[in-house]
Amino acid sequence: MSNAGCKTAILISGSGTNLQSFIDRSADGGMALDLSLVFSNRPEAYGLTRAKNAAIDTACIEHEDFESREQFDRAVAAKLDEWKPELLVLAGFMRILSPWFVGHYEGRILNIHPALLPAYTGLNTHERVLEAGDEFHGSTVHFVTEELDGGPRILQGRIKVAPTTDPQELMARVQEVEHEIYPIAADWFAQGRLSCRDGDVLLDNERLAGPIVQDFA
Ligand code: GAR
């Protein structure tokens with residue numbers, strides 16, 4: 001799959017439903033993204049099968065084979081750079097990135113996190129939202145910096161939490177939202193409309209005072 005757009009590597013560790021949303025959106029046409037490569041740190045990740053089914057190149061390096069985080073990250077970057085990616089999309093890539101890696105791709109890494117950041121960084125966000133009895137939950141697309149889940153926020157998808165929702169059900173609803181918002185934000189970058197400068201997010205040459213929030217039913 002290649003449309004001479006913005007060369008993009010998608011990094012995954014698991015199921016890859018977000019990856020699938022990019023594949024589907026690309027197949028529909030009209031995306032400025034060129035899905036050049038899908039990379040996984042886990043060979044069993046189902047997302048690799050999704051990529052192969054869509055005729056996208058894949059690569060896998062297992063982190064267990066390296067002594068340090070940075071050694072692994074340098075090996076990953078050497079592999080990714082064979083495809084000369086202009087954008088890295090983290091889609092359920094469950095690795096903390098070294099400062100070296102973040103610097104190597106400065107301003108060119110996007111992540112999606114299943115919470116309305118800055119609330120609920122880290123893991124088990126759906127359980128924590130339910131425990132806290134929050135009225136709203138959702139997901140955030142942000143630029144990646146050295147601070148875990150702390151980079152400048154671009155776009156949030158927000159839902160109202162129903163009182164009876166269990167974590168699995170909530171996760172499924174949040175993922176539906178992710179599948180809508182992530183390709184949109186990544187495509188803004190691919191179109192040259194979105195950038196990160198000095199910690200600020202610029203969209204169409206305007207500095208965002210905060211993330212754009214889109215409500216979902
Ligand atoms: C997504 O919900 C994503 O937000 C989350 O992992 C899931 C991956 O699902 N990412 C993180 O928690 C990163 N902190 P997928 O493999 O089906 O796309």
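First listed ligand is number 1; within each ligand, the first listed atom is number 1.
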I'd like to check I112 versus I181 (side-chain heavy atoms, cut-off strictly below 4.5 Å). Are they in contact? yes
Per the side-chain hydrogen bond (donor to acceptor under 3.5 Å, both in side chains) rule, which among H63, E64, E62 passes with N41? H63
Among all residues two or more places apart in sequence or in another chain, which pass the side-chain hydrogen bond (donor to acceptor under 3.5 Å, both in side chains) test with R197? none
Can the ring centroids of H113 and H142 be said to lie less than 6.0 angstrom from one another? no
D81 and H104 side chains, donor-acceptor separation under 3.5 Å: yes
Basic-acidic side-chain contact under 4.0 Å: E169, R173: no
Distance filter under 4.0 Å, heavy atoms only, around ligand 1 gives S15, G16, T17, N18, G92, M94, I112, H113, P114, Q175, E178
